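The basis for the numbers below is simple: all heavy atoms, side chains too, and nothing from hydrogens, waters or symmetry mates. All values derive from a computational prediction rather than experimental measurement.
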Amino acid sequence: MKSLDFKKCALEQAIYTRTERDSILLVGVYVDDLIITGTPKKEIDKFKDQMKEIFEMSDLGLLAYYLGIEVTQSGGDISIKQSAYARKILKEAGMLESNETVIPMDPGTRLTKNTEGTLVNSTEYRSLIGCLRYLLHTRPDLSYSVGLLSRFMQEPKEQHMKAIKQVLRYVKGTKDYGITYKHNGGNTIQGFSDSSYGVNTQEGKGTTGIIFYYGDSPISWSTQKQATVALSSCESEFIAATAAATQALWLKRLLSRLTHSKEEKITIMVDNKSAIALMKNPVFHGRSKHIDTKYHFIRECVKREDIQVEFISEEYQKADILTKALPKIKFLIMRQLIGLKDLRHSVCD
């Protein structure tokens, strides 16, 4: 790639770029699979010819399938889903004929490492978790339940396996769900950060949920157990927002590097006014002096105006689905709100 004047992107090692006065080429590399995009079309064709001279390569045309992700391109819109991969997981688990469920995890589910019960086959459990984690590339709605179940891979019990089976039954009913990226969906990045305070953890640690949007569609999401115990929900939200700030800075710089545009300030939406006050106002020092120094990083970002933090009411907090198991109606509303839809009935709805 370097011999063809490509530069490796410092922020994302798998992306190579070649920029000339009237053209730009972006190439995503995964071992021997390449995704190529850019303008004009003749530059893409020229690059393909250059690669064919050096390697024995096949041109598979317009991107339709990449590393288990099915891609549909229509009218400038792009949809991604993992239906075939979901079917493969269900087949391997012997659950192709199982009943479907509407939600992946019941709100009252309490899972701990000290759960009583018989130990189950840990190899099978880890295998299912590994498969489900790969499914998260297009399924933010599974992020919390799979993240929680990943904590019990050491000594899984019957109750943990039962919870995985419920996730698989949910996958069976929603295997054609995915994300659509609209051609005219806008080009700003916006983030949502939320936390659940002491839900479903023995140590009393909160769960951080982060989701970022490019225009109207989600591009990055994660669910993580917080590293330290928070003393209040305000502090837990503060810790979650700091994690969102680090991701926001990376996304902002990556977008600027790839599109050669000016770095725009990213807005992070938080549903806790006390946490926002803590980020913006150092006078609150008395309440926050015990918080680990690294979490005050977000204050620096706000002060430098790299990011801005705004309040959003809980009913529109898209990251809520990433922090806890929600009741049926709320889960379905949030699933639609985060931008996940059934792609079976339309090419690009």
Under the side chain to side chain contact (heavy atoms under 4.5 Å, CB included) rule, what do Glu155 and Lys113 come out as? Steps first, then yes or no, please. CA-CA 8 Å; Glu155 291 183 335; Lys113 287 182 180 171; over 6 Å; no
Spacing of [atom1] belonging to [X] relative to [atom2] belonging to [Y], to within rounding of 0.5 Å:
{"X": "Leu26", "Y": "Ile44", "atom1": "CG", "atom2": "CD1", "value": "9.5 Å"}
{"X": "Ser222", "Y": "Gln247", "atom1": "OG", "atom2": "CD", "value": "6.5 Å"}
{"X": "Ser98", "Y": "Leu90", "atom1": "OG", "atom2": "CG", "value": "6.5 Å"}
{"X": "Thr17", "Y": "Lys7", "atom1": "OG1", "atom2": "NZ", "value": "7.0 Å"}
{"X": "Arg87", "Y": "Lys175", "atom1": "CZ", "atom2": "NZ", "value": "6.0 Å"}

For [X], give me all partners under salt bridge (charged side-chain N to carboxylate O under 4.0 Å, His left out), at least two apart in sequence or on another chain.
{"X": "Asp216", "value": "none"}
{"X": "Lys2", "value": "none"}
{"X": "Lys81", "value": "Asp176"}
{"X": "Glu43", "value": "Arg18"}

Donor-acceptor pair, [X] side chain versus [Y] backbone, under 3.5 Å?
{"X": "Glu305", "Y": "Lys265", "value": "no"}
{"X": "Thr223", "Y": "Leu322", "value": "yes"}
{"X": "Gln317", "Y": "Ala319", "value": "yes"}
{"X": "Gln159", "Y": "Arg110", "value": "yes"}
{"X": "Asp342", "Y": "Arg344", "value": "yes"}
{"X": "Tyr316", "Y": "Leu337", "value": "no"}

Hey, is [atom1] on [X] packed in by over 12 heavy atoms from elsewhere, all under 6.0 Å?
{"X": "Glu20", "atom1": "CD", "answer": "yes"}
{"X": "Lys330", "atom1": "NZ", "answer": "yes"}
{"X": "Lys48", "atom1": "NZ", "answer": "yes"}
{"X": "Lys273", "atom1": "NZ", "answer": "no"}
{"X": "Glu263", "atom1": "CD", "answer": "yes"}

Would you say that [X] contacts [Y] through its side chain, given a criterion of any heavy-atom pair below 4.5 Å between the two side chains?
{"X": "Thr109", "Y": "Gln166", "answer": "no"}
{"X": "Ile338", "Y": "Pro218", "answer": "no"}
{"X": "Tyr213", "Y": "Ile189", "answer": "no"}
{"X": "Ser83", "Y": "Glu70", "answer": "yes"}
{"X": "Asp271", "Y": "Met269", "answer": "no"}
{"X": "Tyr65", "Y": "Leu60", "answer": "no"}
{"X": "Arg299", "Y": "Leu278", "answer": "yes"}
{"X": "Leu340", "Y": "Ile179", "answer": "yes"}

[Y] reachable from [X] in the ILVMFWY side-chain graph, under 4.5 Å edges:
{"X": "Val31", "Y": "Leu67", "answer": "yes"}
{"X": "Ile15", "Y": "Leu63", "answer": "yes"}
{"X": "Met105", "Y": "Leu135", "answer": "yes"}
{"X": "Ile24", "Y": "Leu34", "answer": "no"}
{"X": "Met161", "Y": "Val146", "answer": "yes"}

Tell me which one of Thr180, Thr138, Thr72 satisfies side-chain hydrogen bond (donor to acceptor under 3.5 Å, both in side chains) with Ser79. Thr180
Nearest atoms (heavy-atom pairs only) where [X] meets [Y]:
{"X": "Thr323", "Y": "Asp194", "result": "CG2-O, 3.5 Å"}
{"X": "Leu168", "Y": "Ile89", "result": "CD2-CG2, 3.6 Å"}
{"X": "Ile321", "Y": "Leu326", "result": "CA-CD1, 3.8 Å"}
{"X": "Ser193", "Y": "Glu237", "result": "O-OE1, 4.1 Å"}
{"X": "Ile219", "Y": "Tyr181", "result": "CG2-CE2, 3.9 Å"}
{"X": "Leu96", "Y": "Lys172", "result": "O-CE, 2.7 Å"}

Using a 4.5 Å side-chain heavy-atom cut-off and chaining through intermediate ILVMFWY residues, the residues clustered with Ile329 come out as Ile333
If the condition is ring-ring contact (aromatic ring centres under 6.0 Å, His included), which residues does [X] pass it with, not counting sequence neighbours?
{"X": "His137", "value": "Tyr134"}
{"X": "Tyr177", "value": "none"}
{"X": "Tyr16", "value": "none"}

Tell me, with the steps shown, if Arg335 and Thr174 meet side chain to side chain donor-acceptor pair (under 3.5 Å). CA-CA 11 Å; Arg335 186 176 71 189; Thr174 58; 5.3 Å; no
Run the side chain to side chain donor-acceptor pair (under 3.5 Å) test on Thr208 and Gln224 for me, step by step, so that the C-alpha distance in whole Å, both residues' side-chain angles and the decisive distance to 0.1 Å come before the verdict. CA-CA 5 Å; Thr208 292; Gln224 300 164 328; 5.1 Å; no
Using the side chain to side chain donor-acceptor pair (under 3.5 Å) criterion, which residues pair with Glu310? Sequence neighbours excluded. Gln308
Side chain to side chain donor-acceptor pair (under 3.5 Å) partners of Ser195, counting only residues at least two apart: Ser236
With a cut-off of 3.5 Å and sequence neighbours excluded, list every side-chain donor-acceptor pair involving residues 248-258.
residue, atom, partner, partner atom, Å
Trp250, NE1, Leu11, O, 2.9
Lys252, NZ, Asp306, O, 3.3
Lys252, NZ, Asp306, OD1, 3.4
Ser256, OG, Ser261, O, 3.1

Side chains of residues 117-125: which donor-acceptor pairs under 3.5 Å do they make with residues two or more places apart or in other chains?
residue, atom, partner, partner atom, Å
Asn121, OD1, Thr123, N, 2.9
Asn121, OD1, Glu124, N, 3.2
Tyr125, OH, Leu149, O, 2.7

Ring centres under 6.0 Å, that's the criterion: do Phe331 and Tyr170 meet it? yes
Would Tyr30 and Tyr66 count as a close aromatic pair, with their ring centres under 6.0 Å? no
